[in-house]
Peer 1: 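I'd like to ask some things about the structure below.
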Amino acid sequence: MIKESYGITVSRHILDSQRLHPEATGDLSGLLSELIVAAKTISAEVNMAGLGDFLGQAGKTNIQGEKVQKLDVFANQNIKRRMASCGYVSIMTSEEEADAIPVVAGQEGKYTLAFDPLDGSSNIDVNVSIGTIFSVHRAHSGGQPGCEVDLLQPGKNQVAAGYIIYGSSTMLVYTTGDGVHGFTLDPTVGEFYLSHPDIRMPERSKYYSVNEGNSPFWHPEMHRYIEYLKAVDKQSGRPYSARYIGSLVADFHRNLIAGGIFLYPRDTKNPAKAGGKLRLLYEASPLAFIAEQAGGRAITDDGREIMEIVPSDLHQRVPLIIGSRQDVDIAESFFASRS
Ligand code: FBP
């Protein structure tokens, strides 16, 4: 049987989007293409992690105080090496590295890159979906060696953001400000094809995603909101169904496609994470850009827009409420007393 090709590849899509911007130089397209090569390499290893020596811990703890998985190290090294010499980036930051990551001398480009090499890594060994998240800004010091200040920019300044989810299939979802588009990897030819053009997040949802195991540490507003979602009211489609995978990328992706609200508010469980669990630069901010481009919304648990927050630290944590617009609006009304 002759295999039909599936149509638009991601490289073609990136070039078509570039044509929408006559001022574009191709650098952003180049950056995205390099990142996609790294993602394909990670996908290949993730898909057969059980066969190689990639399961289990790497025997070290990262800046977040988390036990680092072997695949975390592989993914981090892969992205770092490729992007440090691609010529499009002047400085990077990774969830796995305490300090800003310089690029190869002479290879400084005009963009910054913040990334979570493997999100949801606690799910690697149990074959649950995990992902890579990335965020791109224009560097103030474009073309020169970058510095931390170049990375500490609010989400609204992003020029591109996306994630690669390594699940039942490997998908890339990205935005450059012209809507959100999803591509599925055909591993037999190693190509991402457009499978989900112009994704729109349903306005109202039927799923809520939260780690209810943390409920003893929740603030009263959070209890009241979750009770509201569980109350029986046919007219407003309640009670909602609970869905929680424990990988932010996977929980976000489901909600992006099927509608839903994900919440990781501040709680009193761990004083070291009093500001929230998830990180602004390479988790909350890029997903907020995607959510907004798909018609959704992303706020903190005191009503601040995630995209407006000016970071003060590379690994700053934030409370995150993200998902279908009407649901985030309603959640905001429950948390209003905190602002
Ligand atoms: P990393 O795996 O990249 O550290 O991400 C943190 C994370 O695993 C998210 O993917 C997920 O949403 C959250 O933590 C799960 O936290 P918890 O186990 O407290 O529910």
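Order of listing sets the numbers, starting from 1, for every ligand and every atom in it. Sequence positions, counted from 1, serve as the residue numbers for this chain.
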Peer 1: Give the residue and atom name of whichever protein heavy atom lies nearest to atom 3 (O) of ligand 1, and the separation in Å to one decimal.
Peer 2: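 For atom 3 (O) of ligand 1, the nearest protein heavy atom comes out as D116 OD2, 2.9 Å.
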Peer 1: Quick one: which of K277, E212, E283, K273 has a heavy atom closest to atom 16 (O) of ligand 1?
Peer 2: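 Residue with the shortest heavy-atom distance to the ligand atom: K277.
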Peer 1: May I ask you to identify the nearest protein heavy atom to atom 15 (C) of ligand 1, giving residue, atom name and distance to one decimal place in Å?
Peer 2: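 The answer is Y244 OH, 3.4 Å.
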Peer 1: For E305, enumerate each residue passing the salt bridge (charged side-chain N to carboxylate O under 4.0 Å, His left out) test, keeping only those at least two apart in sequence or located in another chain.
Peer 2: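 E305 satisfies salt bridge (charged side-chain N to carboxylate O under 4.0 Å, His left out) with R297 once adjacent residues are dropped.
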Peer 1: Tell me every residue that passes side chain to side chain contact (heavy atoms under 4.5 Å, CB included) with A160, counting only those two or more places apart in sequence or in another chain.
Peer 2: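 For A160 the side chain to side chain contact (heavy atoms under 4.5 Å, CB included) partners, ignoring immediate neighbours, are L28, L32, V136, T176.
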Peer 1: Does a side-chain N-to-carboxylate-O contact under 4.0 Å join D302 and R266?
Peer 2: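 Yes, this pair counts.
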Peer 1: Which bit of N123 is near ligand 1, meaning a heavy atom under 4.0 Å away: side chain, backbone, both or neither?
Peer 2: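 Contact part for N123 vs ligand 1: neither.
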Peer 1: To check your reading of the model: name the closest protein heavy atom to atom 5 (O) of ligand 1, its residue, and the distance in Å.
Peer 2: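 Nearest protein contact, heavy atoms only, for atom 5 (O) of ligand 1 is D119 OD1, 3.0 Å.
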Peer 1: Would you kindly specify which portion of R279 sits under 4.0 Å from ligand 1, judged on non-hydrogen atoms: side chain, backbone, both or neither?
Peer 2: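 Looking at R279 and ligand 1, just side chain atoms fall under 4.0 Å.
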Peer 1: Given the side-chain rings of H196 and F183, with only the six-membered ring counted for Trp, is the space between their centroids under 6.0 Å?
Peer 2: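 When the ring centroids of H196 and F183 are compared, they turn out to be at least 6.0 Å apart.
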Peer 1: Evaluate L278 for polar contact with ligand 1, using N/O atom pairs at a separation under 3.5 Å.
Peer 2: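 There is no such contact.
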Peer 1: Do the side chains of K80 and E97 get close enough for a salt bridge, i.e. N-O under 4.0 angstrom?
Peer 2: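 A salt bridge is present here (some side-chain N lies under 4.0 Å from a carboxylate O).
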Peer 1: Does any N or O of ligand 1 fall below 3.5 Å from an N or O anywhere on L248, backbone included?
Peer 2: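 Among all N and O atoms of L248, at least one is under 3.5 Å from an N or O of ligand 1.
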